[in-house]
Every structure is written in structure tokens, then in C-alpha cells.
Amino acid sequence: MAVDKISILVVEDEPAIAELVVFTLRSAGWNPVVVRNVADAWEFLQKNAPQLILLDWMLPDQTGLRLLARVRAERQWNGLPVIMLTAKSMEEDKIAGFDHGADDYITKPFSPRELTARINAMLRRKSPEHGQSVMAIDTVMLDPLSCSVSIGGQKIEIGHAEYKLLKFFMAHPERAFSRSQLLDKVWGDHAVIEERTVDVHVLRLRKVMKEAQHLIKTVRSVGYMLTEK
Ligand code: CA
């Protein structure tokens with residue numbers, strides 16, 4: 001089953017570093033897109049919705065901080081995790097980065113393992129449904145690495161949309177979501193599907209969950225939630 005890879009925008013002008021970053025991110029199962037300056041990064045963001053930005057500080061046209069400030073000024077990207085990746089290691093530079101809204105800071109030279117670990121931690125913190133660790137609730141176990149779901153130890157067949165929906169619910173248990181929130185969070189801002197489509201997928205999800213289907217509850221006049229209660 002194909003599952004959307006996490007897309008990461010890498011803004012880096014040094015080819016050798018960009019290459020190492022791309023190799024590292026691909027090895028971790030993510031989908032990196034490299035641009036070499038602030039203008040190209042901005043253009044990319046007009047048409048795409050990456051889940052994270054790795055941002056170099058010194059870039060040919062403007063500083064990474066300028067891009068960071070522009071990103072933070074846009075409501076739609078307010079919560080987008082940004083990790084600064086830079087040779088600047090002075091304390092005051094770090095403070096400037098955080099002042100502009102950077103979420104984390106990695107100083108070059110960095111180890112690929114550290115980069116992967118920092119990104120994983122950030123994705124888990126910012127959007128648990130994008131994390132790579134196994135999630136378990138009641139008898140349901142979801143493994144993001146193999147994109148598989150098992151119930152009571154039995155692997156089940158599950159469609160792409162239902163998998164994404166279940167993963168989102170498991171990342172946010174005991175919280176009710178409206179249909180439009182689910183559309184937005186699970187299918188993304190650009191989805192052109194109707195709210196009742198959510199009902200169809202919830203129905204299908206419950207069907208494949210069999211004896212565990214009671215976990216997905218309908219919350220009257222709100223929407224749906226995953227709850228053990
Ligand atoms: Ca640079």
C-alpha cells in the first residue's frame with residue numbers, strides 16, 4: 001500500500017550539504033525537495049504544503065531568517081515546523097533564530113543521525129500523525145514504518161484513506177473532530193471532497209476494524225473521535 005511520504009523543503013545553497021541532507025532524509029523515508037535560495041523556496045510554498053522546512057541561514061539572495069519571518073507572518077504556515085540548519089553557532093545567532101520563530105536549530109557540521117533524530121522529534125511534537133513510532137490503543141496497533149495495522153495481533157487489510165484516518169485518530173485519542181477538521185487534517189487543505197465523504201471512510205474504517213470498531217465513536221453534532229471510554 002502506498003502512503004504519502006512526508007515532504008520536507010530543504011533550503012540550502014551548498015551542493016555538497018544539500019546532497020548529504022537529501023540522502024539522509026530519503027534514507028529515513030521522507031521526501032526532500034531542495035531549493036537553493038529564498039525566492040525559490042517562497043515560490044515552492046505557493047503551490048506545495050511541506051510538513052517541515054530545513055532552512056539554511058546564509059543564502060545567496062536573502063538570509064534564511066527573512067524567509068522564516070515571511071513564513072511566520074502567514075497564517076496558513078504558522079504551525080509549520082522550521083529547523084534552522086546553519087554554520088552559525090554563536091549564541092546570539094541562535095537567539096535571533098528563535099526570535100524569528102525557528103523551532104529548532106542544528107549547527108553544521110551535523111551528523112546524519114542527529115538530523116534524522118531531530119526531525120523525527122519535531123514531527124512527533126508538531127504533528128504526531130507524522131511520527132514514525134508504533135502506536136497502540138486497546139487491541140489496535142499501527143506501525144507507520146510498514147504502514148500496517150493489526151488488531152488483536154492479526155494484520156488487517158486497510159485502504160489508504162482509512163489508514164490515514166486511523167493514524168490521525170490514534171495520534172489524537174480522546175478528542176472529537178468535526179468532519180471539516182478531519183478533511184483538513186487527514187486529506188489536506190487542497191482536498192476537494194465533500195464532508196459526507198468522511199462518513200463513508202469512517203464507515204469503511206469501522207468495518208475493517210471489526211471487534212475494535214467501538215473505538216471510533218460518533219459524537220453527536222460534532223463529528224467523530226477515537227476513545228477507549
Ligand atoms: Ca549557505
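Whatever order the structure lists them in is the order used to number ligands and atoms, beginning at 1. All values reported here derive from a predicted model rather than from experimental measurement. Because only heavy atoms are used, hydrogens play no part in the values below, and waters and symmetry mates are left out as well, while side chains stay in.
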Candidate pair M122 and D103, rule side-chain contact (heavy atoms from CB on, under 4.5 Å), full reasoning: CA-CA 8 Å; M122 184 63 59; D103 296 288; 3.6 Å; yes

Ring pair (Phe, Tyr, Trp, His ring centres under 6.0 Å) between F177 and F168, worked out: CA-CA 10 Å; F177 293 95; F168 181 78; 4.8 Å; yes

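Distance check for T86 against the Ca ion (ligand 1): none of its N/O/S atoms falls below 3.0 Å. Coordination check, E12 versus the Ca ion (ligand 1): failed, since every N/O/S atom of the residue sits at 3.0 Å or beyond.
Residue F23 places its CZ atom among 12 or fewer non-hydrogen atoms of other residues, nucleotides or ligands, all under 6.0 Å distant.
Among the heteroatoms counted here (N, O or S) of D13, OD1 is the one nearest to the Ca ion (ligand 1). Closest to the Ca ion (ligand 1) among the N, O or S atoms of D56 is OD2.
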Name each donor-acceptor pair under 3.5 Å that joins a side chain in residues 7-15 to protein atoms two or more places apart or in another chain, with its distance.
{"from": "E12", "atom 1": "OE1", "to": "K108", "atom 2": "NZ", "distance (Å)": "3.1"}
{"from": "E12", "atom 1": "OE2", "to": "E14", "atom 2": "N", "distance (Å)": "3.0"}

